[in-house]
There are 2 protein chains.
Amino acid sequence: MTDSELEKFKKVLKDENLKLTPQRVEVFREVCNSDEHREAEEIYLALRKRDINVSRSTVYRTMDILYQYDLVQRMDIGDGKWRYEHWLNCHQHDHLICIRCGTIVEFINTQIEGIQKDVAEKFNYQLVRHVHQLFGLCKQCQDTPVSVK
Amino acid sequence: MTDSELEKFKKVLKDENLKLTPQRVEVFREVCNSDEHREAEEIYLALRKRDINVSRSTVYRTMDILYQYDLVQRMDIGDGKWRYEHWLNCHQHDHLICIRCGTIVEFINTQIEGIQKDVAEKFNYQLVRHVHQLFGLCKQCQDTPVSVK
DNA sequence: TCTCATTTGAGATTCAATCTCAATAAGAAC
DNA sequence: GTTCTTATTGAGATTGAATCTCAAATGAGA
Ligand SMILES: [Mn+2]
Ligand SMILES: [Mn+2]
Ligand SMILES: [Zn+2]
Ligand SMILES: [Zn+2]
């Protein structure tokens, strides 16, 4: 977590009349110091492992705030759990997801973004956001026999 | 539900050693006779409304079979519920979703499909399926003031 | 018609997420 | 620093979609 990230968080809290608590800072720190796409539960457990006790409720509530005020990105890959990722200093991007091992790779394609705008315009939709996920087998999983266990 | 749709369903059941029950046929009929994107619960309630009693469990189980054997399409728009749609005689397509009223419009863009293949290839992923959803405000919602209620 | 594995229905269970509420603590006012 | 008000926390309860359990019912091949 850089100073500027922390300042940005403090500013959001101040602007929204939310209090700066040690729990909120610890959750934000944990999120900043990873570039994975993690579930709230994983963030909760990572904190516990570091002997930082923040309740599960507070982790969920803090992730809501971070998402609400655009300090993290949130994604749903269809398994009923939200995954969060560090978002600051990072461009909008989409994901390639391995259906066997779960590896997530990020991609940016400006050509697709342009076409998305065209499609929305054609149907008179005012585009707000999009979800674009490509599911398949990563190289390693293509080369690994199915039942190794 | 056309005869050919029913025949297709019967063939799948036979091929997979699954039994042709009145409940399964009624669920499939309900799905075929609508072009909406509906939750299992909505399908269950629609059947009850028509005085066709199929248990909630059986509706869920049948939707699983229909999805499993590619007789319906399934989508997740991020609200924790699966939505199912009639799929036979219908091409792969993507969705524009209104974030206010929930209206869903379908679109097909072969150019994007081509780029998806390129992206997957570039990252050495063997593409299996994709999720592409554009969220925004439909024309009507853009023109309607927020708090009418 | 008989047999037996499959299916059904009702209710229990799961699990991520949200809610409740009493105890605690942030931070503004003095 | 002390006081005061209000937001926040933590523990556990609750929600809701989906899945599981198991006894009773039934499809379908013999
Ligand atoms: Mn990402
Ligand atoms: Mn559709
Ligand atoms: Zn993989
Ligand atoms: Zn709308």
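So that the names make sense, note that chain A is the first sequence line, chain B the second, and so on, each numbered from 1.
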Exercise for the section: Verify the contact: side-chain N or O of A:S57 to OP1 or OP2 of D:dT9, cut-off strictly under 4.0 Å; return yes or no. Expected result: no

Exercise for the section: Output yes when A:E41 and A:K81 qualify as a salt bridge under the 4.0 Å nitrogen-oxygen rule, no when they do not. Expected result: no

Exercise for the section: Using a cut-off of strictly less than 4.0 Å between a heavy atom of the residue and any atom of DNA chain C, enumerate the qualifying residues of residues 35-51 of chain B by number. Expected result: none

Problem - Expected output: side-chain A:R24 to main-chain A:K19 donor-acceptor under 3.5 Å - result: yes

Handout entry: Touch class at under 4.0 angstrom, heavy-atom based, for A:R61 against every strand present
Key = base

Exercise for the section: Using a 4.0 Å heavy-atom cut-off across all strands, classify B:K81 as base, sugar-phosphate, or nothing. Expected result: sugar-phosphate

Practice task
To the nearest Å, give me how far apart CG (B:L20) and C1' (D:dG27) are.
Solution key: 9 Å

Fill in the blank from the handout: When B:G80 and B:T21 are each assigned the nearest nucleotide of DNA chain D, the 5'-most assignment goes to B:G80

Exercise for the section: Return the value, rounded to whole Å, for the distance between atom CH2 of B:W82 and atom P of D:dA18. Expected result: 9 Å

Exercise for the section: Return the value, rounded to whole Å, for the distance between atom CD1 of A:I65 and atom C1' of D:dT8. Expected result: 9 Å

Practice task
Test for a donor-acceptor pair under 3.5 Å between the base of D:dT6 and the side chain of A:K19, counting only N and O atoms.
Solution key: yes

Problem - Sugar-phosphate, base or nothing in reach of A:D76, heavy atoms under 4.0 Å - result: nothing

Problem - Side-chain (A:R74) to main-chain (A:W82) donor-acceptor, under 3.5 angstrom - result: no

Practice task
Give a yes-or-no answer on whether the side chains of A:E113 and A:H130 include a donor-acceptor pair shorter than 3.5 Å.
Solution key: no

Practice task
Could you check how far CD of A:Q23 sits from P of D:dA7, rounded to whole Å?
Solution key: 17 Å

Practice task
Tell me, please, the opening and closing nucleotides of DNA chain C, 5' to 3', among those with an atom under 4.0 angstrom from a non-hydrogen atom of chain A.
Solution key: C:dA16 to C:dG27

Handout entry: Salt-bridge contact A:K8-A:E5 (side-chain N to carboxylate O under 4.0 Å)
Key = no

Fill in the blank from the handout: Per nearest nucleotide of DNA chain D, the residue lying toward the 5' end, A:R56 or B:L18, is A:R56

Exercise for the section: Could you tell me whether a side-chain N or O of A:Q142 sits under 3.5 Å from a main-chain N or O of A:L137, the two making a donor and an acceptor? Expected result: yes

Problem - Nearest-Å distance for atom pair CD/P, residues B:E16 and D:dA28 - result: 15 Å

Handout entry: Heavy-atom donor-acceptor pair, A:D94 side chain to A:F107 backbone, under 3.5 Å
Key = no

Exercise for the section: Could you tell me whether the side chain of B:Q133 and the main chain of B:D76 form a donor-acceptor pair under 3.5 Å? Expected result: yes

Practice task
Hey, can you tell me if B:H93 and B:H37 have their rings parallel, tilted or perpendicular (30° and 60° cut-offs)?
Solution key: perpendicular

Practice task
Mind calculating the distance between CZ (B:R24) and C1' (D:dA25) to the nearest angstrom?
Solution key: 14 Å

